[in-house]
Amino acid sequence: MTIVPVALGARSYDVRIEAGLLARAGDHLAPLSKGRRFVIVTDENLRGHLATLQAGLGIGSESIVLAPGEATKSWTQLESLTDRLLDLGVERSDHVIALGGGVIGDLVGFATAILKRGCNFVQVPTTLLAQVDSSVGGKTAINSRAGKNLVGAFHQPALVLIDPQVLDTLPRRELGAGYAEVVKYGLIDDFAFFEWCEANAAALLAGDPAAREHAIAHSVAAKARIVAEDERETTGKRALLNLGHTFGHALEAETGFSSKLLHGEGVAAGMALAFAYSARLGLCPGQDAERVAAHLRAIGLPDGLEAAGITASGARLVEHMLHDKKMAAGTLPFLLARGIGKTFLDKTVDLADVTAFLDAQPR
Ligand SMILES: NC(=O)c1ccc[n+]([C@@H]2O[C@H](COP(=O)([O-])OP(=O)(O)OC[C@H]3O[C@@H](n4cnc5c(N)ncnc54)[C@H](O)[C@@H]3O)[C@@H](O)[C@H]2O)c1
Ligand SMILES: [Zn+2]
């Protein structure tokens, strides 16, 4: 088993990673239960894993099974979930278990942040994206009319249990989208990990257990390090995790946050664009930008506007970016790169120049 500590003072917790962990969950969770039943929240696609987890707990549990999909991160679902948790008599000292992808993790994290002014929760992430990104770090949210993730709270889990074996049932496209967030850690500040990704991505995506476990553990350790330095995204360090997300957000908005472009696919194209733009500014060697694009292409991820199926003008895409919540006081911070593993936050980017760059991209 790999154990990655997330060091946040009184809010510190472990991320435990091991194949088959779901079936042995009781060893890790029973000490938290104090003889009380667990409530597990999951979605309909995860009934098989729910049964494994319930058997693995060895103690009684209730389950709440929600509809899969982004629409579940809503006010309506939040209200109904908190009512059901209250009906089940959940107390502040109880631990609600979130078994699912980022949708379930974000919703359950927020529901438990506000339930009785805060109760405990455990993340058991089942998508690659949730295992390497959303389950660690304590950002929780639902979507509102004004946009995605605009209503939420920082609420750290008490424990994160990752069983890489659950990825066996995850559709290949979802796996690839999650992989974009894995390679992101290499691009941010870890050239050696990017090289590992180039050599091992195919094995990882084919389900090789050792490659999968290494990628997850390395990604979680990178995220834990950044979150420990800047839990609430105040110093700019945590913002590095948004590499590719400003461009990517524009592409996701343009496709209506639909299944036409999954979040990770938008991030992949966005990272390629961030590197291409950095090269255009003369910050980053052109061959680094091409190397990033080539790697994304090799594993079937979009490497730019054309591959992402985007035909919108640069002006329209920049308009989408301006609606992003990360805009602070009229500026739009961009994550740019001086090379692979050398990402930095630039608050002086000229939006007219970004527009011209996007207009010049192949459609
Ligand atoms: N809190 C954060 O820091 C953070 C970070 C990144 C993303 N997010 C959020 O995460 C969400 C996206 O998460 P996601 O990509 O995990 O999507 P998701 O939770 O919608 O899961 C994707 C699909 O895969 C299914 N699924 C999940 N695990 C499966 C498995 N093991 N086998 C078969 N099917 C499975 C789900 O039912 C769903 O249909 C977005 O709402 C995003 O805003 C949050
Ligand atoms: Zn992301």
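Note that this is a predicted model, so its numbers are computed, not measured.
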Pairwise distance [atom1]([X]) to [atom2]([Y]) - rounded to 0.5 angstrom:
X	Y	atom1	atom2	answer
T355	D359	OG1	CG	7.0 Å
I226	E233	CD1	CD	11.0 Å
L81	R84	CG	CZ	7.5 Å
L99	I97	CG	CD1	8.5 Å
I216	H214	CD1	NE2	11.0 Å
T343	L336	OG1	CG	8.5 Å

For [X] and [Y], which I'm curious about, is there any donor-acceptor pair between the side chains at under 3.5 Å?
X	Y	value
E174	T127	no
H320	E252	no
H49	T169	yes

Count I, L, V, M, F, W, Y as connected when their side-chain heavy atoms are under 4.5 Å apart, and connections chain through other members. Are [X] and [Y] then in the same cluster?
X	Y	result
V318	V349	yes
L262	L301	no
V41	L46	no

- Message: salt bridge (Lys or Arg N to Asp or Glu O under 4.0 Å), that's the test. Do K184 and D133 meet it? Break it down for me.
- Response: CA-CA 10 Å; K184 181 184 80 177; D133 191 356; 3.7 Å; yes

Any heavy-atom pair between the side chains of [Y] and [X] that's under 4.5 Å?
X	Y	value
D303	M271	no
Q123	V136	no
I64	I40	no
W75	N143	no
L241	I188	yes
M1	I3	yes
V39	D94	no
V160	I162	yes

Residues [X] and [Y] bridged, charged N to O under 4.0 Å:
X	Y	answer
R316	E319	no
D163	R24	no
E290	R297	yes
D189	K342	no

- Verdict with supporting geometry, F247 and F357, side chain to side chain contact (heavy atoms under 4.5 Å, CB included): CA-CA 12 Å; F247 284 111; F357 160 74; 4.2 Å; yes

- Message: Name the residue from K237, K139, R11, R238 that meets the side chain to side chain donor-acceptor pair (under 3.5 Å) definition with E231.
- Response: R11

- Query: Should the pair F38 and H95 be assigned to parallel (<30°), tilted (30 to 60°) or perpendicular (>60°) ring geometry?
  - Reply: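 It falls in the perpendicular class, over 60°.
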
- Angle class for the H295/F194 ring planes (parallel below 30°, perpendicular above 60°, tilted otherwise)? perpendicular

- Task: Check the pair E70, H263 against side chain to side chain donor-acceptor pair (under 3.5 Å), reporting the backbone distance first and the verdict last.
- Result: CA-CA 11 Å; E70 189 67 31; H263 172 73; over 6 Å; no

- Task: Evaluate side chain to side chain contact (heavy atoms under 4.5 Å, CB included) for I17 paired with V4, printing each intermediate quantity in order.
- Result: CA-CA 8 Å; I17 306 158; V4 180; 4.2 Å; yes

Heavy atoms of other groups near [X] [atom1], more than 12 under 6.0 Å:
X	atom1	value
R338	CZ	no
K347	NZ	no
E79	CD	no

- Query: Can you check whether Q361's main-chain N or O pairs, donor with acceptor, with R363's side chain at less than 3.5 Å?
  - Reply: yes

- Write out all pairs satisfying salt bridge (charged side-chain N to carboxylate O under 4.0 Å, His left out) with one or both partners inside residues 99-111, taking only residues at least two apart or from two chains.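 Qualifying pairs, neighbours excluded: K73-D106.
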
- Using the side chain to side chain donor-acceptor pair (under 3.5 Å) rule, take S61 and Q54 through it: C-alpha gap first, then chi angles, then the decisive distance, then the call. CA-CA 7 Å; S61 60; Q54 287 188 301; 3.1 Å; yes

- Message: Against H155, only a single residue in F121, Y13, F110 fulfils ring pair (Phe, Tyr, Trp, His ring centres under 6.0 Å); can you say which?
- Response: F121

- Test side-chain contact (heavy atoms from CB on, under 4.5 Å), reference L66, set T42, V108, I104, output is I104

- Task: Starting from the C-alpha separation in whole Å, work towards a yes-or-no answer on side chain to side chain contact (heavy atoms under 4.5 Å, CB included) for V96 and L85.
- Result: CA-CA 9 Å; V96 177; L85 293 172; 4.3 Å; yes

- Message: Test side chain to side chain contact (heavy atoms under 4.5 Å, CB included) on N120 and T112; report intermediate values, then the result.
- Response: CA-CA 7 Å; N120 302 306; T112 53; over 6 Å; no

- Begin from the C-alpha positions of H249 and F257 and carry the test ring-ring contact (aromatic ring centres under 6.0 Å, His included) through to its verdict. CA-CA 9 Å; H249 175 90; F257 294 98; 5.6 Å; yes

